[in-house]
Amino acid sequence: MATLIGMMILAVGLPAWAGITYIGLVRARRGDGLPAPRPPRRPRSPAGKAAWVAGLAYLAGGALHVYGLSYMPFLQPEDACWFKAGYMAVPDSSSALPVSLVCAGEEIVPWWVNPGLLVLAVTAVAATVTSIVLALRRVRGLRP
């Protein structure tokens with residue numbers, strides 16, 4: 001029990017004491033004043049928001065496509081059907097886009113992968129075009 005209490009003191013008490021001491025030293029050097037507040041950040045422009053949406057859609061689409069490709073046969077095609085469907089044979093067909101792996105007449109890739117890729121691709125392209133259009137309108141609006 002003493003070991004547990006000692007570990008708690010080391011795990012919680014020591015870092016807290018060190019932090020309090022460090023803050024005290026920093027405030028003493030600055031003249032015991034609170035740090036100056038940061039100036040407010042400019043709000044993001046609509047073009048920036050659309051660019052963030054596009055970037056996230058591209059990233060999520062890439063991750064979903066890699067997930068779908070994890071079902072594909074690479075070095076040993078018969079192993080893809082064995083590990084995914086429990087059937088030791090060469091796949092009937094496979095493709096990377098649309099993501100598809102057919103073993104013994106059964107689709108192995110989950111049904112939601114390809115519609116998800118389509119939705120994310122359309123979102124990414126639409127957000128990219130929107131971001132570009134909004135940025136060009138803003139630049140044209142700033143010029144006299």
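Numbering of residues begins at 1 and proceeds along the displayed sequence.
- By the rule that hydrophobic residues join a cluster once side-chain heavy atoms approach within less than 4.5 Å of another member, V113 and V119 end up as members of separate clusters.
- Taking all atoms of both residues into account, the shortest heavy-atom contact from S131 to A47 is OG-O, 3.0 Å.
- Cluster annotation: F83 and M88 are assigned to the same hydrophobic cluster (Ile/Leu/Val/Met/Phe/Trp/Tyr, side-chain heavy-atom contacts under 4.5 Å, transitive).
- The two residues Y71 and A80 come nearest to each other via the heavy atoms O-CB, 4.2 Å.
- Atom CG of L59 sits about 11.5 Å away from atom CG of L64, to the nearest 0.5 Å.
- Put simply, L117 and Y58 are part of two different groups of oily side chains (I, L, V, M, F, W, Y) that touch within less than 4.5 Å, one to the next.
- Annotation for G68 and V109: closest pair O-CG2, 4.5 Å, computed over non-hydrogen atoms.
- Among pairs with a residue in residues 65-95, those fulfilling disulfide (SG to SG under 2.5 Å) read C81-C103, at least two apart in sequence or across chains.
- Atoms OG and CG, on S100 and N114 in that order, are 7.5 Å from each other to the nearest 0.5 Å.
- In terms of heavy-atom proximity, V53 sits nearest to A127 at CG1-CB, 4.0 Å.
- The hydrophobic cluster containing L118 does not contain W111, counting ILVMFWY residues as joined when their side-chain heavy atoms lie under 4.5 angstrom apart, directly or transitively.
- Annotation for T123 and A57: closest pair CG2-CB, 4.1 Å, computed over non-hydrogen atoms.
- If you take CD on E106 and CG on L101, they are separated by 10.0 Å, rounding to the nearest 0.5 Å.
- Minimum heavy-atom separation, A50 to T130: CB-CG2, 4.3 Å.
- Note: L120 CG to H65 NE2 = 12.0 Å, rounded to the nearest 0.5 Å.
- Y67 and V99 fall within the same hydrophobic cluster, where Ile, Leu, Val, Met, Phe, Trp and Tyr residues are linked whenever their side-chain heavy atoms come under 4.5 Å apart, directly or through other members.
- Heavy atoms of other residues, nucleotides or ligands lying less than 6.0 angstrom from CH2 of W112 number more than 12.
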